[in-house]
Protein chains: 4
Amino acid sequence: MEAVLPEGVTPPGTRGRILEAGLELFAESGFAGASIRQIAGMVGINSATLYAHYPSKGHVLAELVRIGHEEMRTRLTEAAAKTRGDSAARQLAALVRAHVLLHTDHPLLAVVTNGELHALPPELSAPSLQLREECRLLLADVVERGIADGEFELDDPLLAVTAIGGLGVQVAQWFGPALDRTREQVADQYARFALRIVNADR
Amino acid sequence: MEAVLPEGVTPPGTRGRILEAGLELFAESGFAGASIRQIAGMVGINSATLYAHYPSKGHVLAELVRIGHEEMRTRLTEAAAKTRGDSAARQLAALVRAHVLLHTDHPLLAVVTNGELHALPPELSAPSLQLREECRLLLADVVERGIADGEFELDDPLLAVTAIGGLGVQVAQWFGPALDRTREQVADQYARFALRIVNADR
Amino acid sequence: MEAVLPEGVTPPGTRGRILEAGLELFAESGFAGASIRQIAGMVGINSATLYAHYPSKGHVLAELVRIGHEEMRTRLTEAAAKTRGDSAARQLAALVRAHVLLHTDHPLLAVVTNGELHALPPELSAPSLQLREECRLLLADVVERGIADGEFELDDPLLAVTAIGGLGVQVAQWFGPALDRTREQVADQYARFALRIVNADR
Amino acid sequence: MEAVLPEGVTPPGTRGRILEAGLELFAESGFAGASIRQIAGMVGINSATLYAHYPSKGHVLAELVRIGHEEMRTRLTEAAAKTRGDSAARQLAALVRAHVLLHTDHPLLAVVTNGELHALPPELSAPSLQLREECRLLLADVVERGIADGEFELDDPLLAVTAIGGLGVQVAQWFGPALDRTREQVADQYARFALRIVNADR
DNA sequence: GATGAATGAGGATTCATTCAT
DNA sequence: CATGAATGAATCCTCATTCAT
């Protein structure tokens, strides 16, 4: 699978190509399993040259993780903003659609962002953890509003939020050209699943 | 988190302790990130001694992955057997409950089983991939039966099966004593989410 | 004994010093008995640095074996060329002299070249084996010509060629400053022995 | 090539099988290149069991080297004894025949005996070095007698002795079923070569 | 920016050997 | 006699990183 970073955030030139190579290799082999020489080899530079662009292997991962989380925050925030004032159901659907599309559009980035965060020292992972919590709150707020409005019906809202978030995350594990569904089809279906989970799809 | 292997499958003595240490370390750092010396250190043996029990680091992982997939197959098969003849909804609930409980009871094993399979050479991963497909079919069959019986209502059964499967898998990422929910509570809620996804919870 | 490589073929700098150290140690302890750390220690570098110059221990041996065989081919070919048109006896003497001098001048290289070839994987030893066969043919042709011309008298030319070749090879086992013979003296005597073996020294 | 030890000297049972396996492996890979586990594996015993028969890997080699040198001494002494009173030429021929036959009959043993002696600590190699010198003297004496009797004509007897000895040693490198010569044919030819070297074959 | 050479630490694995059973 | 488990030392080699050029 090709490593695609979100538009506009990839640094130009060698820096960007290092990031793309790192993304692909970290996704495939994990942070520990990918070597600086592999990354450099994929970029076509000497491994020492990498240090002219990033101070360490960890900083390459850190930038990827940051980009991944920022992209998530951006997309979810936009989705929430665009549906401000709509019913909780419509807003939830928009959030889930955005979340799923994030994972269909950047599956490798999602895999690295979610799966390799543990490899970062706390001071590098902290900002990402905060973004993640922000996003969770975005979702949780909508669910709570839906309950308050009587739109949703849930015994355990926290588990519902967790489940709906998990649904989207899993998409990165399997979405690809092998599947004969478009990103839109998956997003629509998953939004519907979410509405059903909160019992808004009656 | 303590590394707990399913009952009855842990080899006795040093072999079993190696497996437990490997489970914990592979879950925490990934296959490449965990060293043979770390594993041996956790067991309290010299790293060379490990080779009296397993021919390579990969074989330790392979056995863990095999155990994980066999436990999944066992539990799902049992759940299906116990509900043979029941309505598709009851059977789906039983399968999801079993799937979720697998992930609450052995979260580390699930993380390793799902996340480190790629580190195995194909000949060691093939048997596990087949078990995984078996389990997917178990779930898919129930969903199809539910549709045929008019119990379930779904536009895209394949995506629903994927989503329901993904729900359970994600549980391993967060379930733990920090959460004030019992394994049973999570399983019940998730079973209900699954029924809602297939629109059987009307 | 000091490890002396043929003039002009030693790579400059560290690469060459690695080769010389390898030569000495492989000759003394065999390929398996010499460690990469010993070689590096003799050169005065870290053992990891060796891999900046050769991809593996085997490649160090391979280059030595290649140099040894090429030097043999060069010397024998030159000797044959310089005596083109001479009698078979004179040409045989020239070949044996060249062969013996090769072994007095580079005894360690000969020991490694002949004795450690088996340690190389086939794809690395094949070129050397071909050079060796070339040299054997050079000798065999002269002997056959001598027989055809009536200069030599032999029941079993193949065994004679083998014996004469073997004579030279053995020189590397004992020639050294301890012996009070010069390289020229040994070469002259051995050339004479060869002529006697083919019964040209009547 | 099968590892054949001289008759009557192989210890019975496991001890002997260890010796044969060691012979084969030391000949193929050198002392350092052959492992105790390989030897044990070839014998069909656990590697620890080997220590019930030999106190160390070095002692296995030491016994092989001792057997090899004793066999050489035995055969050469017998050849000399059987030709006591004969002309120097006949005795030289007998010695060379015996020497060559030793190397056709036990090529692996010769390779190990000559090529791996350096791997032994001095106190284990000393006895063998003495046997070797004994054999050299046997040959040197005959050559000197031939010169004194006027049978042989040599400028440099020492080199001649070395050359004739070397001839035989080399036989172990190539003699085998691939060659369409019998052991007797090789021995006869080489004896003749030796006589020619000393110029007794006029 | 880029590189080749260098390094100390550590990787997985094998070594010869020991010992309780 | 034989073994399985154990070990400390050593194996080859790769690691991330540095630095002079």
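Lettering follows sequence order; numbering is per chain, from 1. FYI, side chains are in, hydrogens and waters are out, and symmetry mates aren't considered; it's all heavy atoms of this structure.
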So do the side chains of [X] and [Y] get within less than 4.5 Å of each other, counting heavy atoms only?
{"X": "Pro127(A)", "Y": "Arg66(A)", "answer": "no"}
{"X": "Glu63(D)", "Y": "Leu19(D)", "answer": "yes"}
{"X": "Met42(C)", "Y": "Leu25(C)", "answer": "yes"}
{"X": "Arg132(B)", "Y": "Leu117(B)", "answer": "yes"}

Between [N] ([atom2]) and [X] ([atom1]): distance, integer Å:
{"X": "His59(D)", "N": "dA16(E)", "atom1": "NE2", "atom2": "P", "value": "15 Å"}
{"X": "His53(A)", "N": "dT3(E)", "atom1": "NE2", "atom2": "C1'", "value": "12 Å"}
{"X": "Arg17(A)", "N": "dG1(E)", "atom1": "CZ", "atom2": "P", "value": "13 Å"}
{"X": "Ile39(B)", "N": "dT13(E)", "atom1": "CD1", "atom2": "P", "value": "10 Å"}
{"X": "Arg37(A)", "N": "dG11(E)", "atom1": "CZ", "atom2": "P", "value": "16 Å"}
{"X": "Arg15(C)", "N": "dG4(E)", "atom1": "CZ", "atom2": "P", "value": "14 Å"}
{"X": "Tyr54(B)", "N": "dT13(E)", "atom1": "OH", "atom2": "C1'", "value": "18 Å"}

Checklist entry - Distance from Arg37(B) atom CZ to Ile39(B) atom CD1, nearest 0.5 Å? => result 12.0 Å

Checklist entry - So does Ser35(D) get a side-chain nitrogen or oxygen closer than 4.0 Å to the phosphate oxygens (OP1/OP2) of dC15(E)? => result yes

Next on the checklist: It should be established whether Asn46(A) places a side-chain nitrogen or oxygen under 4.0 Å from OP1 or OP2 of nucleotide dA2(E).
Outcome noted: no

Across the strands shown, which category fits [X] at heavy-atom distances under 4.0 angstrom: base, sugar-phosphate, nothing?
{"X": "Ala40(C)", "value": "nothing"}
{"X": "Thr49(C)", "value": "base"}
{"X": "Ile45(C)", "value": "sugar-phosphate"}
{"X": "Ala48(B)", "value": "base"}
{"X": "Ile36(D)", "value": "base"}
{"X": "Ala32(B)", "value": "nothing"}

Next on the checklist: Can you confirm whether more than 12 heavy atoms, excluding those of Glu7(A), are under 6.0 Å from its CD atom?
Outcome noted: no

Next on the checklist: Here's a test of your reading of the structure: between Gly44(A) and Phe31(D), which maps to the more 5' nucleotide of DNA chain E?
Outcome noted: Gly44(A)

Checklist entry - Just the endpoints, please: which first and last nucleotides of DNA chain F, 5' to 3', lie under 4.0 Å from a heavy atom of chain A? => result dC15(F) to dC19(F)

Item to check | Residue met sooner reading DNA chain F from 5', once Ala34(C) and Ala34(A) are mapped to nucleotides | outcome: Ala34(C)

Checklist entry - Nearest nucleotide by nearest heavy atom, which residue falls closer to the 5' end of DNA chain F, Ala52(B) or Pro55(C)? => result Ala52(B)

Item to check | Spacing of the C1' atoms in dT21(F) and dG1(E) (rounded, Å) | outcome: 13 Å

Next on the checklist: Under a 3.5 Å cut-off for both contacts, is dA9(F) paired Watson-Crick or G-U wobble with anything, and if yes, with which nucleotide?
Outcome noted: dT14(E)

Checklist entry - Given that both distances must come in under 3.5 Å, which nucleotide forms a Watson-Crick or G-U wobble pair with dA20(F)? => result dT3(E)

Next on the checklist: Taking the basic N atoms (NZ, or NE/NH1/NH2) and the acidic carboxylate oxygens, is any pair closer than 4.0 Å for Glu20(B) and Arg17(B)?
Outcome noted: no

Item to check | Among Leu120(A), Thr113(A), Leu23(A), the one residue meeting side chain to side chain contact (heavy atoms under 4.5 Å, CB included) with Leu61(A) | outcome: Leu120(A)

